[in-house]
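The block underneath contains the structure these notes are about, expressed in structure tokens.
Per chain, numbering begins at 1; letters A, B, ... match sequence-line order.
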There are 2 protein chains.
Amino acid sequence: MKIRQEEIVEAALTLADEQGLGALNMRAIAARLGVQASALYWHVPSKTALMRAMAQSFHARALAVAGAGAAKDWRRWLIDYGVALRRALLSHQGSALLCATARPAPDTAAAAGDLLAAPLVAQGLSRAHALSCLASINALALGWAVYEQSEAMHDHLAEMIGFDESFALGLEAMVSGFHVD
Amino acid sequence: MKIRQEEIVEAALTLADEQGLGALNMRAIAARLGVQASALYWHVPSKTALMRAMAQSFHARALAVAGAGAAKDWRRWLIDYGVALRRALLSHQGSALLCATARPAPDTAAAAGDLLAAPLVAQGLSRAHALSCLASINALALGWAVYEQSEAMHDHLAEMIGFDESFALGLEAMVSGFHVD
DNA sequence: ACCTGAACACCGTTCAAGT
DNA sequence: ACCTGAACACCGTTCAAGT
């Protein structure tokens with residue numbers, strides 16, 4: 001039974017989705033593909049690299065969604081990006097923690113930075129300022145997603161606030177406070 | 001050689017600080033205390049519980065700093081809290097990831113929520129709105145700290161933006177966008 | 001080229017046994 | 001009460017050997 005890199009990442013993703021990030025181990029991934037754990041190492045250098053690939057798929061999704069409407073007002077664009085990023089993170093269990101743990105490949109990160117900054121720079125923000133704003137939105141979305149995906153934290157916070165509204169409130173407040181430099 | 005709970009948490013904290021969170025294991029902690037790994041389980045129920053205790057020490061520090069000046073304007077207070085929280089997280093290696101992973105004890109979290117909301121409620125914000133604002137600030141500080149403590153992410157971002165200024169910018173933007181409900 | 005089987009070092013945790 | 005020593009199951013990873 002032949003295996004490809006892509007299949008391994010996909011299997012890992014659905015496994016993490018079903019059983020949680022803590023249940024993600026090489027033997028379980030291999031079993032899901034009808035193969036031995038050691039077979040994975042022909043296609044993937046390490047579990048760390050595998051998790052990095054998993055994390056990148058989330059960023060890629062958010063980037064694709066946000067990149068679509070580049071003609072909008074830059075504040076609107078930032079808000080849409082933040083919402084899309086959070087949604088992408090929440091779409092799979094444990095993805096926030098995964099993104100917090102796994103570092104992206106340096107070249108991918110640089111390319112993503114350029115792509116994200118472009119629509120802001122086109123509307124008059126300096127590149128440095130655009131990246132700064134983007135980083136804050138990344139941090140906000142990641143932080144919220146971490147809280148929402150932490151079981152106990154989720155249960156506790158959910159009693160007192162609504163996640164969607166609170167995130168929207170914080171995001172809109174932040175973006176409205178940004179200025180063109 | 002007798003051991004106390006507190007000593008174990010402290011040893012774990014300094015070990016994580018020196019060697020990183022990945023090097024944190026029961027045998028290493030025990031060795032630092034001149035004891036066998038199995039001895040730890042007389043004082044601590046599990047590694048998970050130990051990490052929870054570690055995470056709580058960070059929140060406690062930030063809470064102590066922020067609780068100090070309760071008479072300030074609520075926006076100023078929120079900003080000071082955010083800055084204190086981030087500083088507390090950055091003071092130990094891997095603390096952000098630790099706080100993202102370990103869930104606090106439910107009663108501690110509830111008490112912290114009350115304590116933090118109090119100065120805001122005293123100045124006219126509703127309890128729900130105060131908690132919502134606080135959660136956003138928590139998320140922002142945690143997200144930033146995660147980025148700053150992720151080695152590769154750090155190196156990459158540091159080339160383009162200043163962490164301190166960018167965090168301050170995002171935090172002040174957000175707080176200035178909050179309103180009394 | 002791609003996979004199996006068996007092994008290695010390491011880890012969290014348990015438990016009888018010591019003092 | 002508190003600690004040691006030895007063990008267990010589990011994990012990431014390697015590597016010879018098969019096909």
Side-chain angles (χ1 to χ4, degrees), chain A residues 1-56 93-95 97-103 105 150-152, chain B residues 1-56 93-95 97-103 105 150-152:
Chain A
M1 182 170 301
K2 291 216 177 180
I3 295 178
R4 299 163 210 281
Q5 256 227 40
E6 254 192 8
E7 293 175 304
I8 297 180
V9 175
E10 193 185 353
L13 240 22
T14 65
L15 184 66
D17 222 12
E18 292 173 6
Q19 320 249 14
L21 208 61
L24 192 70
N25 67 73
M26 294 287 126
R27 290 175 225 257
I29 298 170
R32 180 174 284 267
L33 294 170
V35 100
Q36 224 62 21
S38 49
L40 300 180
Y41 288 86
W42 182 264
H43 307 275
V44 166
S46 67
K47 189 190 182 187
T48 304
L50 175 55
M51 291 178 77
R52 183 159 43 213
M54 292 168 71
Q56 268 174 11
Q93 237 211 16
S95 62
L97 218 47
L98 197 69
C99 288
T101 311
R103 25 190 153 186
S150 154
E151 260 185 81
Chain B
M1 180 171 301
K2 290 215 177 181
I3 295 178
R4 298 163 211 282
Q5 255 226 40
E6 252 192 8
E7 292 174 305
I8 297 180
V9 174
E10 193 185 353
L13 240 21
T14 65
L15 183 66
D17 222 11
E18 291 172 9
Q19 320 248 14
L21 208 60
L24 191 71
N25 67 73
M26 295 288 125
R27 290 175 225 258
I29 297 170
R32 181 174 283 267
L33 294 169
V35 99
Q36 224 61 22
S38 48
L40 300 180
Y41 287 87
W42 182 263
H43 307 276
V44 165
S46 68
K47 191 190 181 187
T48 304
L50 173 57
M51 292 179 75
R52 185 158 40 214
M54 294 167 71
Q56 269 174 11
Q93 237 211 17
S95 61
L97 219 47
L98 198 70
C99 288
T101 310
R103 25 189 155 185
S150 153
E151 260 184 81

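Each of B:M54, B:Q56, B:H43 was scored for a side-chain contact (heavy atoms from CB on, under 4.5 Å) with B:V9, with one residue passing: B:M54.
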Just the atom pairs and distances: protein N or O near nucleotides 9-11 of chain D's N or O, under 3.5 Å.
from, atom 1, to, atom 2, distance (Å)
D:dC11, OP1, A:N25, ND2, 3.1

Atom pairs and distances, donor-acceptor, side-chain atoms in residues 24-36 of chain B, under 3.5 Å, two or more places apart:
from, atom 1, to, atom 2, distance (Å)
B:N25, OD1, B:R27, N, 3.1
B:N25, OD1, B:A28, N, 2.9
B:N25, ND2, B:A23, O, 3.4
B:R32, NH2, B:E18, OE1, 2.8

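With a cut-off of 3.5 Å on both pairing distances, the Watson-Crick and G-U wobble pairs of DNA chain C assemble into stems of 3 or more at C:4-8 with D:12-16, C:12-16 with D:4-8.
Residue A:Q5 holds its CD atom at 11.0 Å from CG of A:L40, rounded to the nearest 0.5 Å. Here B:C99 contributes atom SG and B:M51 contributes atom CE; the two are 10.0 Å apart, rounded to the nearest 0.5 Å. Note that CG of B:L21 is 9.5 Å distant from OG1 of A:T101, once rounded to the nearest 0.5 Å.
What you find for A:L50 and A:A12 is that their closest heavy atoms are CD2-CB, 4.3 Å.
In this structure, the nucleotide among D:dC3, D:dT13, C:dC3 sitting nearest to the side chain of A:S46 is D:dT13.
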| note | Going 5' to 3' through nucleotides 14-19 of chain D and flagging B where a protein heavy-atom sits under 4.0 Å of the base, S where only the sugar-phosphate is that close, and - otherwise, we get BB----
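Here C:dA7 presents its C1' atom at 13 Å from CD of A:Q36, a figure rounded to the nearest Å. The nearest whole Å value for the distance from the CE atom in A:M51 to the C1' atom in D:dG12 is 13 Å.
Crowding of A:Q93 atom CD: a count of heavy atoms from other residues, nucleotides or ligands under 6.0 Å exceeding 12.
With sequence neighbours left out, the side chain to side chain contact (heavy atoms under 4.5 Å, CB included) criterion links B:T48 to B:S46.
Of the side-chain N and O atoms in A:H43, one or more sit less than 4.0 angstrom from OP1 or OP2 of C:dC3. The phosphate of D:dC2 has OP1 or OP2 within less than 4.0 Å of a side-chain N or O from B:W42.
Using a 4.0 Å cutoff on non-hydrogen atoms, no part of residues 10-22 of chain A comes near DNA chain D.
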